[in-house]
> 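I have a structure I would like to understand better, so I am pasting it below and will then ask my questions one at a time.
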There are 2 protein chains.
Amino acid sequence: MDLRTLETLRAVRSQGGVTAAAAVLHLTPSAVSQQLAALTAEMGVPLTERVGRGLRLTPAGAALADAAVDVAVAVERARAACQGHRDSPVGTVRVSAFQSAAQLVFPRLLDTVAGWDGVTLECADEDVALADFPDLTDRFDVVVAHRPDGAADWPAGVRVVPLFREPLDVAVSPGHRLAGRAEVSPEELADEAWITVREGFPVAPVLAAVAARSGAAPRIAHRINDFTVATAMVAAGHGISLLPRHTTPAFAGVRLLRLTGVPAGRRVEALLRPDRAERRVVARVVGALTALAAEIDHRAGRAV
Amino acid sequence: MDLRTLETLRAVRSQGGVTAAAAVLHLTPSAVSQQLAALTAEMGVPLTERVGRGLRLTPAGAALADAAVDVAVAVERARAACQGHRDSPVGTVRVSAFQSAAQLVFPRLLDTVAGWDGVTLECADEDVALADFPDLTDRFDVVVAHRPDGAADWPAGVRVVPLFREPLDVAVSPGHRLAGRAEVSPEELADEAWITVREGFPVAPVLAAVAARSGAAPRIAHRINDFTVATAMVAAGHGISLLPRHTTPAFAGVRLLRLTGVPAGRRVEALLRPDRAERRVVARVVGALTALAAEIDHRAGRAV
DNA sequence: CCGTCCTTGCAGACTGGCTACATGGACCTG
DNA sequence: CAGGTCCATGTAGCCAGTCTGCAAGGACGG
């Protein structure tokens with residue numbers, strides 16, 4: 001009954017298999033399998049069962065994995081209690097963010113942290129399907145994620161820190177027939193060619209809601225996940241798109257039109273594993289992140 | 001940051017030194033010292049400091065040790081959660097009891113547990129000074145301890161399960177001048193020669209209270225810790241003693257007289273470390289123990 | 001029915017932790 | 001004040017646990 005072994009069990013559950021867990025833990029599948037075998041022997045209860053060519057946790061295994069979360073939290077709390085007798089927290093924090101948030105947040109966050117001795121920040125941009133964001137918390141301490149208004153809550157077991165809400169505007173090229181307008185309604189967009197994200201990604205449901213309001217199925221011309229690329233394509237007149245208001249640069253060559261009649265926006269949140277959240281450095285970075293978010297919110301409020 | 005290392009830190013604190021901790025953990029002092037060094041290096045904070053030729057935990061070390069208790073509890077809770085998906089708990093439980101309780105309880109407890117598959121009981125008789133009972137929980141899962149009425153509570157951090165209260169009677173030989181009496185008052189015992197336990201042991205304060213009531217300092221003829229030996233000496237007329245009512249056999253050849261005017265008794269309790277208490281087998285054994293205690297209490301109530 | 005993917009078993013190498021022994025202080029005692 | 005004793009701490013060497021690499025056994029899909 002080792003801390004590493006319990007961590008492995010959790011990874012097997014969250015990643016859904018030995019091989020995937022091994023990848024996250026930087027181990028070989030063989031090592032993971034052996035750890036599971038040893039843990040099962042120690043417990044005297046089968047913790048995993050074969051399902052197809054994969055693997056699933058038994059109820060006993062799931063119960064143990066649940067309890068393992070509390071263990072990990074207790075360990076990190078112990079570490080924090082000890083670090084509390086130090087002048088300031090130190091360590092390295094791994095942060096991931098989806099593309100546009102990364103662009104907005106990483107530079108300033110790195111500026112802030114540069115002034116902290118002993119704290120190193122490892123940044124990575126990771127844009128995944130909505131359902132896959134929580135899994136990223138296995139690899140990162142802080143995961144900056146986004147989900148559209150009205151989407152389901154994140155699953156239990158992941159800690160959520162709200163950062164800011166960002167409206168989605170309709171982006172059109174300067175030469176577009178609606179370019180001079182300040183606002184548009186869904187009905188006016190019925191025949192437009194859309195550039196949107198791949199199926200399952202965070203803002204897709206918003207376009208669906210807009211289309212439902214207009215009555216017609218949206219005509220999707222291109223599927224582009226990277227907002228920078230989408231912006232360039234919109235600017236060149238290859239279609240219109242829903243783009244986040246704050247993370248679309250003013251010099252991008254597109255016009256952003258307020259959308260009326262449909263609440264279109266996304267919530268940007270930080271996702272953390274409970275044990276990681278206990279680390280004092282992590283808490284400090286999250287604090288800086290929320291401060292940054294408050295600033296963005298403030299600026300947004302002033303702009304609107 | 002290993003579970004074993006945290007356990008070692010706790011042992012160093014509770015045992016008050018590297019050597020003593022090593023003895024409890026079945027390790028060499030060198031191994032304990034190395035674990036402490038590694039843990040200190042990992043934490044980046046001094047956890048121990050030299051005091052004389054011994055060692056003491058720094059505030060940071062104490063905080064870590066405190067938090068380590070929660071870790072150990074979480075681990076045992078995890079184990080229990082897993083064992084909950086098994087038919088019945090198994091494992092081995094180490095129980096210690098002071099001499100007279102051991103005599104009263106061990107045989108019947110072993111009878112009960114004999115019917116449980118996969119559960120083994122390791123019994124040991126350990127009678128130590130009042131202050132040393134809590135430390136025994138490092139070596140045993142369940143420690144049956146006793147303390148006189150009015151004694152201070154056990155220190156925080158140890159879980160206490162009350163078992164029963166046992167009155168202390170005055171034991172005299174059949175030929176003694178008071179042998180025919182049913183009750184005696186402290187004043188009538190002013191000139192008696194006493195057989196009592198060694199200084200610091202659980203019933204010593206009771207005799208002090210009795211003597212204080214009689215006004216004179218007690219004349220202590222012998223210091224005998226084992227009640228069986230004391231009983232034999234009282235029976236032979238070498239003095240009188242305070243003996244527990246229920247654990248003194250009727251055929252011992254002494255007369256037990258109720259003591260009036262002074263609340264003389266001791267509380268018998270089970271002491272457990274919080275993490276050990278989480279083990280399902282341990283909880284089951286404690287359950288059997290309290291059932292036994294209730295039976296003793298009932299019989300006592302009937303007898304009185 | 002064959003190819004592919006995933007888990008699992010086995011042999012070998014290696015890292016990490018423990019034991020045994022020696023060293024250096026600190027208290028106690030004569 | 002000096003020798004003895006106790007305690008913590010380093011050092012060398014051994015042992016065990018664990019990981020890697022490779023091979024085998026099933027299960028799904030074309």
Side-chain angles (χ1 to χ4, degrees), chain A residues 1-58 60-62 64-65 68 75 132 135 138-139, chain B residues 1-58 60-62 64-65 68 71-72 75 132 135 138-139:
Chain A
M1 183 88 140
D2 191 6
L3 292 178
R4 294 169 44 76
T5 310
L6 290 178
E7 175 73 24
T8 299
L9 184 70
R10 295 182 57 192
V12 168
R13 176 168 66 169
S14 69
Q15 299 295 322
V18 171
T19 305
V24 168
L25 300 169
H26 303 291
L27 289 174
T28 58
S30 180
V32 172
S33 183
Q34 288 176 47
Q35 285 191 15
L36 289 180
L39 190 59
T40 303
E42 186 182 343
M43 290 292 130
V45 186
L47 301 175
T48 56
E49 56 191 1
R50 299 294 300 257
V51 44
R53 40 184 181 195
L55 200 65
R56 177 177 55 199
L57 265 61
T58 62
L64 185 56
V75 167
D132 294 332
D135 288 349
D138 279 341
R139 289 166 48 209
Chain B
M1 183 89 141
D2 192 8
L3 292 178
R4 293 170 45 76
T5 310
L6 290 178
E7 174 73 25
T8 299
L9 184 71
R10 295 182 57 192
V12 168
R13 176 169 65 170
S14 68
Q15 300 294 321
V18 170
T19 305
V24 169
L25 299 169
H26 303 292
L27 289 174
T28 58
S30 180
V32 172
S33 183
Q34 288 176 49
Q35 285 190 16
L36 288 180
L39 191 59
T40 303
E42 186 183 344
M43 290 292 129
V45 186
L47 301 175
T48 57
E49 55 191 2
R50 299 295 300 256
V51 45
R53 49 186 172 189
L55 198 67
R56 176 177 59 200
L57 265 58
T58 62
L64 185 56
V71 174
V75 167
D132 295 332
D135 287 350
D138 278 341
R139 289 167 47 210

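Letters A, B, ... mirror the listed sequences (proteins, then strands); counts begin at 1.
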> Starting at CZ of B:Arg53 and ending at C1' of C:dG25, how long is that distance when rounded to a whole Å?
10 Å
> Got a second to check how far A:Thr28's OG1 is from A:Gln34's CD, nearest 0.5 Å?
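So the OG1 of A:Thr28 and the CD of A:Gln34 are separated by 7.5 Å.
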> Could you tell me how far apart A:His26 (NE2) and D:dT20 (P) are, to the nearest whole angstrom?
11 Å
> Closer to the 5' end of DNA chain D via nearest nucleotide, is it A:Val51 or A:Pro29?
A:Pro29
> Can you tell me if B:Gln35 touches the phosphate of C:dC18, counting only side-chain N or O atoms and a distance under 4.0 Å to OP1 or OP2?
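B:Gln35 to C:dC18 OP1/OP2: side-chain N or O found under 4.0 Å.
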> Is the shortest heavy-atom distance from the side chain of A:Leu27 to the side chain of A:Gln35 under 4.5 Å?
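Heavy-atom side-chain distance check passes, below 4.5 Å.
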> Rounded to whole angstroms, how far apart are CG on B:Leu55 and C1' on D:dC6?
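Computing the B:Leu55:CG to D:dC6:C1' distance gives 14 Å.
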> Rounding to a whole Å, what distance do you find between B:Arg50:CZ and C:dA26:P?
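Going from B:Arg50 (CZ) to C:dA26 (P), I get 8 Å.
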> Measure from CG on A:Leu36 to C1' on C:dG9 and round the result to the nearest Å.
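Distance, rounded to whole Å: 14 Å.
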> Quick one: are A:Arg56 and A:Thr48 in side-chain contact, heavy atoms under 4.5 Å?
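A:Arg56 vs A:Thr48: side chains apart.
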> Any side-chain heavy atom of A:Leu39 sitting closer than 4.5 Å to one from A:Leu64?
yes
> Would you please confirm or rule out a distance under 4.0 Å between OP1 or OP2 of D:dC7 and any side-chain N or O of B:Thr19?
no
> What is the distance from CG of A:Asp2 to C1' of D:dT18, rounded to the nearest Å?
10 Å
> So, is A:Arg4 near the phosphate of D:dT18, with a side-chain N or O under 4.0 Å from OP1 or OP2?
no
> Kindly say if A:Ser30 contacts the phosphate of D:dC19, meaning a side-chain N or O under 4.0 Å from OP1 or OP2.
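Looking at the OP1 and OP2 atoms of D:dC19, neither is under 4.0 Å from any side-chain N or O of A:Ser30.
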> For A:Gln34 and D:dA16, give me the distance from atom CD to atom P, rounded to whole Å.
18 Å
> Taking CG from A:Leu27 and C1' from D:dG17, how many angstroms apart are they, rounded to a whole number?
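These atoms are roughly 14 Å apart.
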